[in-house]
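In what follows, every chain begins at residue 1, and chains take the letters A, B, ... in the order their sequences are listed. Computed over heavy atoms, backbone and side chain alike; hydrogens, waters and symmetry mates excluded.
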Protein chains: 2
Amino acid sequence: MLDERKKKILQALITDYISTAEPIGSRTIARKYDLGVGPATIRNEMADLEMLGYIEQLHTSSGRIPSAKGYRFYVDSLLAPEQVTDNEKVLINNWYEAKARRVEEVFQETAKILSRMTRNISMVLAPQFSQCIFKYLQFLPLDEHRVILVIVTDTGFIENKVISFPEGMLFEDLQQIAGRINSRLAGLSFDKIKASILREIKENILQDPRLFDSTLQVLREALTVSKSDRVYLGGTTQLLSQPEFRDVDKVKGLLNILEQDKLLRDIMHVTEKDGILVRIGEENKYIGIQECSMVQATYAIEGQVVGAIAVLGPTRMEYGKVMAILEFMHSHLGEILKKYKV
Amino acid sequence: MLDERKKKILQALITDYISTAEPIGSRTIARKYDLGVGPATIRNEMADLEMLGYIEQLHTSSGRIPSAKGYRFYVDSLLAPEQVTDNEKVLINNWYEAKARRVEEVFQETAKILSRMTRNISMVLAPQFSQCIFKYLQFLPLDEHRVILVIVTDTGFIENKVISFPEGMLFEDLQQIAGRINSRLAGLSFDKIKASILREIKENILQDPRLFDSTLQVLREALTVSKSDRVYLGGTTQLLSQPEFRDVDKVKGLLNILEQDKLLRDIMHVTEKDGILVRIGEENKYIGIQECSMVQATYAIEGQVVGAIAVLGPTRMEYGKVMAILEFMHSHLGEILKKYKV
DNA sequence: TGTTAGCACTCCTCTCGATAGAGTGCTAAC
DNA sequence: GTTAGCACTCTATCGAGAGGAGTGCTAACA
């Protein structure tokens, strides 16, 4: 365990590095932070901290920078919890009032707010359809050969697709079919609607395979990837202001990842854990972001976790501030979303 | 007017610059392109071309690069029309088959195809709701206090929103209201549904102002910006591979623009002109992309222009190839989209 | 008259070495 | 245990010089 002075030195070093992005020497720490000891003492302590793996040196005559282990210790033990100020809360609410007119825009604007406030990349995973509960489906007439199949969830999300229906079938037949499917599926969450149930429907309810295939496809899509499964991004340009991304090749690597929707959904995959999760450097599973840190939180509607929000940036990140903002959004986003469903 | 030899030299120079991104000297042209004259002659011609404003010199002892005027002349008069190969056509069709399951994905994948094939940024403006024709609206029950308002267009696009309805009102009342609104609006395109008509509806059909406000809002949103109005982007990372964007600050400027949805919609605003439009450098209205060129085309469904596709890249762009691909997509995308509506 | 070879000139870019500066580790003294 | 002093290491920066690419001009040639 680190003694008090080592902790103070580590804290000073990390704080300084976070704001300057420059390696810090013993003299700088002695001058900037009043620890009551001279630079030589700090030098000795820093040598110890390096031995223990909390800080690193790029070359013999450079200052020290925090290691991943150092950041981890900082986040776990040194960080003073911060809070979003009342002023900021008002600003956030006003922002939503002014810019978000529809549910999708809430996600988009949340991403923007997160990236503006943290000056980092933000990611918002919209509620996952698969966790919603099937309420009913309905066919809406379009023309002689086509109908729109609409699937409604209990939260009011909608999934729809235009499908054609076979010659000779009457719209009334479709309504009857819808009624039967509804009574079978009503109240089930989408991740419970498995292939077996669909097969059952096929055999017992739907006679015409062509219609079935279309309907089945829509249901299946609703089960897997749908528009509500989208990851909204914000502030990718923030990246370019960070000194660690002065190199175009590094930027390219990261942007490449952010362009892959599938990968993003994977990265954002909602964890059971209902709190704030900090992944530092190589703690991230995905190779391309292992030089970054990611702070992630879930959000819930009526107690049920439905999606996630996250901030991605260099390991040299203002963890305190980022965590405070995510903490606030974690508990606040659900309410905001509820508003938009009324 | 340029004589034949000047044209050949200009063409050689631009072709070379497009593939190498390096200024080209007289000796290089003489060696690489067999024009039957020596470098000294080419030097003289190049001096003339520079006088006339077709090419530029960065400093006294550098080679020449094309100017905007040079590119313009190249595009208008020198470029041999190219065609998408049959092989490429097959690849494109397979791509759609494999990746696009829903209409939105067609746009997304179109953007991807465009960026992959051109190695530049691509933009796809999805069909504008405002140009669609209102078919009908319908209320779907959700719970005791809320219904889903669904607006259906003749092309099968759907706009929906959850709205609450006043105490004491019956669902049957809503259906009656829907019927009346439908008979008033049916067959009108959304850009014809103006405030005056909405007011008329308010006075003659809807009694309860609260309900009206919600309904009105949805209609209004359908008239302005909706999800189908989105601009899909592809290949922003391609940018970073281009030597002209080696400088992080330039990248930042451009990405900043691409992050602003509104601006994108503006840039992509569908032109009346139904063909391929090339904007070179400062011919672009928006300041941030004035170091770039943009090639844009429309696409149509059943003869009606509904959206636009574009490729954005450095002025040093393979115009021939880009135009060929856009030309193909221009005439092909409509068909692809029709498939997804059946 | 148009074309070409030759040559001096300009300007950029790369490399090398010297220098200044930051920071360290070690030792000896407090 | 702490500190001052000092030699040492490594980096970043700057300028000089060499090398190279390309030009414009002139004079000669077909």
- Note on the structure: The Watson-Crick or G-U wobble partner of C:dA8, with both key distances under 3.5 Å, is D:dT23
- Query: How many angstroms lie between atom CD1 of A:Ile24 and atom CD1 of A:Ile14, to the nearest 0.5 angstrom?
  - Reply: 9.0 Å
- Note on the structure: Partner of B:Leu239 under side-chain contact (heavy atoms from CB on, under 4.5 Å), picked from B:Ile121, B:Leu312, B:Asn120, is B:Ile121
- Message: Quick one: does any side-chain atom of B:Asp76 pair with a main-chain N or O of B:Phe73 as donor and acceptor, under 3.5 Å?
- Response: no
- Atom pair distance, as rounded to whole Å: CD1 in A:Ile42 and P in D:dG1: 17 Å
- Task: Send over the distance from B:Gln57 CD to C:dC11 P, rounded to a whole Å.
- Result: 11 Å
- Message: In whole Å, I'd like the distance from the CE atom of B:Met46 to the C1' atom of D:dT23.
- Response: 10 Å
- For A:Arg43 and C:dC26, is the shortest distance between a side-chain N/O and OP1 or OP2 below 4.0 Å? no
- Message: Suppose we screen for side chain to side chain contact (heavy atoms under 4.5 Å, CB included). Which residues come up paired with A:Val75, at least two apart in sequence or across chains?
- Response: A:Arg72, A:Val278, A:Ile280, A:Tyr319, A:Met323
- Message: Measuring from atom CG of A:Leu13 to atom CD1 of A:Ile55, what distance do you get when rounded to the nearest 0.5 angstrom?
- Response: 5.5 Å
- Query: What is the distance from CD of B:Glu45 to C1' of D:dG22, rounded to the nearest Å?
  - Reply: 17 Å
- Within residues 5-26 of chain B, the residues having a heavy atom closer than 4.0 Å to DNA chain C are B:Arg5
- In whole angstrom, what separates B:Arg27's CZ from C:dC7's P? 14 Å
- Item | B:Ser67 (side chain) donor-acceptor with B:Gly53 (main chain) under 3.5 angstrom | yes
- Item | Whole-Å distance separating the CD atom of A:Glu50 from the P atom of C:dG23 | 15 Å
- Task: Just compare D:dT23, D:dT3, C:dC12 and give me whichever is closest to any side-chain atom of A:Asn44.
- Result: D:dT3
- Here the distance between atom P of C:dC12 and atom CG of B:Leu58, to the nearest Å, is 10 Å
- Message: Taking the side chain as everything from C-beta on, heavy atoms only, tell me whether A:Tyr74 gets closer than 4.5 Å to A:Leu79.
- Response: yes
- What pairs with A:Asp247 under side chain to side chain contact (heavy atoms under 4.5 Å, CB included), at least two apart in sequence or on another chain? A:Asp249, A:Lys250
- Query: Once you round to the nearest 0.5 Å, how far does CZ of A:Arg116 lie from CG of A:Leu114?
  - Reply: 12.0 Å
- Message: Can you tell me which residue among A:Arg43, A:Arg64, A:Lys6, A:Arg5 is in a salt bridge (charged side-chain N to carboxylate O under 4.0 Å, His left out) with A:Asp48?
- Response: A:Lys6
- Query: Using a heavy-atom distance cut-off of less than 4.0 Å, which residues of residues 29-41 of chain A contact DNA chain C?
  - Reply: none
- So does B:Arg64 get a side-chain nitrogen or oxygen closer than 4.0 Å to the phosphate oxygens (OP1/OP2) of D:dG24? yes
- Could you tell me which nucleotide pairs with C:dA29 by Watson-Crick or G-U wobble geometry, both distances under 3.5 Å, or answer none if nothing does? D:dT2
- Reported CZ-to-CG distance for the pair A:Phe245 and A:Leu255, which is rounded to 0.5 angstrom: 9.0 Å
- Which pairs count as salt bridge (charged side-chain N to carboxylate O under 4.0 Å, His left out) when at least one residue sits in residues 9-27 of chain A, sequence neighbours excluded? A:Asp16-A:Lys32
- Task: Can you tell me the distance, in whole Å, between the CG atom of A:Asp3 and the C1' atom of D:dG1?
- Result: 12 Å
Distances under 3.5 Å between protein N/O atoms and the N/O atoms of nucleotides 7-9 of chain D, please, pair by pair.
unit_1, atom_1, unit_2, atom_2, d
D:dT9, O3', A:Thr60, OG1, 3.3
D:dT9, O2, A:Ser61, OG, 3.4

